Amino acid sequence: MRPCSRSTHTTAPLRTRSRPLTALIALATTIGLALTLLTAAAAPAAAADLLSQGKPVTSSSSENASTPASAAVDGNTATRWSSRFSDPQWLTVDLGATATISQVVLRWEAAYARTFRIQTSDDGTAWTTIYSTTAGTGGAQTLDVDGNGRYVRLYATQRDTAYGYSLWEFQVYGSGEGTPPGNGIPDPTTAALEAANGPLTTATYTVPRPSGYGSGTVTYPTAGGSYPGIVLMPGYQGTQQNLQWLAPRLASWGFVVINVGTNTLTDDPESRGRQITAAGTQLLALGSAPGNPLSGKLNGTLGATGHSMGGGGVMAALRDDPRFRAGVPTAPYHPNGNFSGVTEPTFFMTCQSDSVAHGNSYAVPWYNSMSQAEKLYIEVPGDHLCPMTGYGDKAKQGKWMVSFFSLWLRADTRFSPFLCGPARDADKNNTSLVTRWMDTCQF
């Protein structure tokens, strides 16, 4: 039986990405109330702005015209930069201004570097090494670093293959010097986070020609600056109305939110995952294109939340699309999903009386299997509909989701206490509000 668009919650914060797996996860049951969230050491690297996407980039060489340097920073994991077949080679991105660099992600094609350095520079001439290795592994390498500079360079000196060096994506994360991560957002309080709207004024924009999904309504801050993007995905037979309550709450706290209508009402979780990816791609494209109200609004970082089958789609997107840095699956449903390889921060929200997608059937086994992820799991009273518009305690649900995305998509640690600290204890210990809480605190 397919689930209707209702929700159950399971939470587990995550850190990196997983590759697709086909094995069916065994059902597990977990007892206990515990708290939410992530480890403090992970926070700086996991949620800073993506600074490199679409920025000017140069390289020592390109294998041919179809593998230019620009392909490594275009946000498209189907295009790549490839160098000539010799050592050394380098790839340099100009961030446009001095920034604090906290993380570099290298998404290698099969031709990768065994020995390389990550370097920063203020002028593109004098370089400081902030990371080096003689044992590169290829694949997706996430490097936590600490440096400053306008220019960031990969300098590779030993290939692992007879070919050159090839990157699907070269991603630099951090923040501009002197710019707080919150885009001027005031310090959060319990009262402010539980209000229907946050501190920023918002507006809406209807996507004129959706590509890869059915329809899209974008809610965005009208203030200047760029923000993380978030995709909202409904459940089986669901529409944009399912999560309509959430879009203005998130946007008013500094996110560009696309609320998606699906291609069909009766597809499957994997299809919902592909539609989340498509909506994220178009959202970023609108942010890079002139002549629309979203131009310049997107900073290149993406998150997603979905209900039921849409929650299963969120897990698929976290597994398959490295652009998605955090997810909130609510009452998630995916009968054949194996997400043990997902490593990005994940917040499962489930419903205690859910007969369609109970946390013990899906979210809890996924939570337990994701050994490399920062995780949060919160179960609340209600049936499968508890995360939908008109159901459940939206003041609390909104506070948790805003705090989770602010922490992991914007590296704004001011929100951490509401998930992993004294400010959350009133929620966690209230058995009429929370029936199960698990987390990977301390952040």
Side-chain angles (χ1 to χ4, degrees), residues 8-18 25 28-48 102-103 105 140 142 144 173 181 301 303-305 311 314-315 317-319 322 324-332 337-350 359-360 362-380 396-397 399-429 433-443:
T8 299
H9 75 283
T10 305
T11 67
L14 303 155
R15 280 289 316 269
T16 49
R17 305 210 160 274
S18 69
I25 299 178
T29 305
T30 314
I31 307 174
L33 269 83
L35 250 220
T36 300
L37 246 329
L38 325 115
T39 62
S102 58
Q103 189 180 83
V105 178
T142 299
D144 291 342
Y173 291 87
T301 303
T305 188
V314 169
M315 296 305 298
L318 289 173
R319 180 194 66 201
F324 285 87
R325 307 282 292 174
V328 181
T330 66
N338 185 331
F339 303 111
S340 59
V342 172
T343 53
E344 299 296 347
T346 304
F347 168 20
F348 298 97
M349 195 183 81
T350 64
N360 288 342
Y362 302 106
V364 168
W366 299 341
Y367 179 102
N368 290 336
S369 73
M370 290 158 45
S371 60
Q372 299 182 64
E374 298 289 3
K375 300 170 291 184
L376 170 65
Y377 181 101
I378 303 175
E379 180 184 274
V380 298
K396 303 297 185 181
Q397 294 176 17
K399 176 178 66 178
W400 298 329
M401 291 188 201
V402 167
S403 297
F404 188 83
F405 280 128
S406 296
L407 177 63
W408 291 108
L409 294 184
R410 206 169 48 226
D412 195 334
T413 55
R414 296 177 299 168
F415 290 81
S416 181
F418 299 96
L419 302 170
C420 189
R424 63 95 198 263
D425 288 347
D427 293 346
K428 177 195 171 197
N429 298 327
L433 172 67
V434 173
T435 54
R436 177 159 42 173
W437 187 305
M438 301 184 289
D439 59 59
T440 53
C441 290
Q442 185 68 19
F443 311 138

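What you are looking at is a predicted structure, and each value in this text was computed from that prediction instead of being measured. Just so you know, these numbers use all the heavy atoms, side chains as well, and skip hydrogens, waters and symmetry mates.
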Of all heavy-atom pairs between [X] and [Y], which one has the smallest distance, and what is that distance?
{"X": "Pro322", "Y": "Arg325", "result": "O-CD, 4.2 Å"}
{"X": "Pro329", "Y": "Gly311", "result": "CB-O, 3.5 Å"}
{"X": "Ala373", "Y": "Thr440", "result": "O-CG2, 4.2 Å"}
{"X": "Pro365", "Y": "Gly359", "result": "CD-O, 3.7 Å"}

Worksheet item: Taking it one step at a time, do Asn360 and Arg436 satisfy side chain to side chain contact (heavy atoms under 4.5 Å, CB included)?
Response: CA-CA 11 Å; Asn360 288 342; Arg436 177 159 42 173; 2.9 Å; yes

Point-to-point distance, once rounded to the nearest 0.5 Å, from [atom1] of [X] to [atom2] of [Y]:
{"X": "Asp412", "Y": "Ser403", "atom1": "CG", "atom2": "OG", "answer": "9.5 Å"}
{"X": "Met370", "Y": "Gln372", "atom1": "CE", "atom2": "CD", "answer": "10.5 Å"}
{"X": "Ser406", "Y": "Phe404", "atom1": "OG", "atom2": "CZ", "answer": "11.0 Å"}
{"X": "Phe418", "Y": "Asp427", "atom1": "CZ", "atom2": "CG", "answer": "10.0 Å"}
{"X": "Phe347", "Y": "Phe405", "atom1": "CZ", "atom2": "CZ", "answer": "9.5 Å"}
{"X": "Met401", "Y": "Thr330", "atom1": "CE", "atom2": "OG1", "answer": "5.5 Å"}

Beyond-backbone contact of [X] with [Y], side-chain heavy atoms, under 4.5 angstrom:
{"X": "Trp408", "Y": "Leu419", "result": "no"}
{"X": "Val434", "Y": "Lys396", "result": "no"}
{"X": "Leu407", "Y": "Thr413", "result": "yes"}

Discussion item. In terms of relative ring orientation, are Phe339 and Trp366 parallel, tilted or perpendicular, with 30° and 60° separating the classes?
Written reply: perpendicular

Discussion item. Val314 vs Val328, test: side chain to side chain contact (heavy atoms under 4.5 Å, CB included). Steps then yes/no.
Written reply: CA-CA 7 Å; Val314 169; Val328 181; over 6 Å; no

Worksheet entry | Verdict with reasoning, Tyr362 to Met315, per side chain to side chain contact (heavy atoms under 4.5 Å, CB included) | CA-CA 11 Å; Tyr362 302 106; Met315 296 305 298; over 6 Å; no

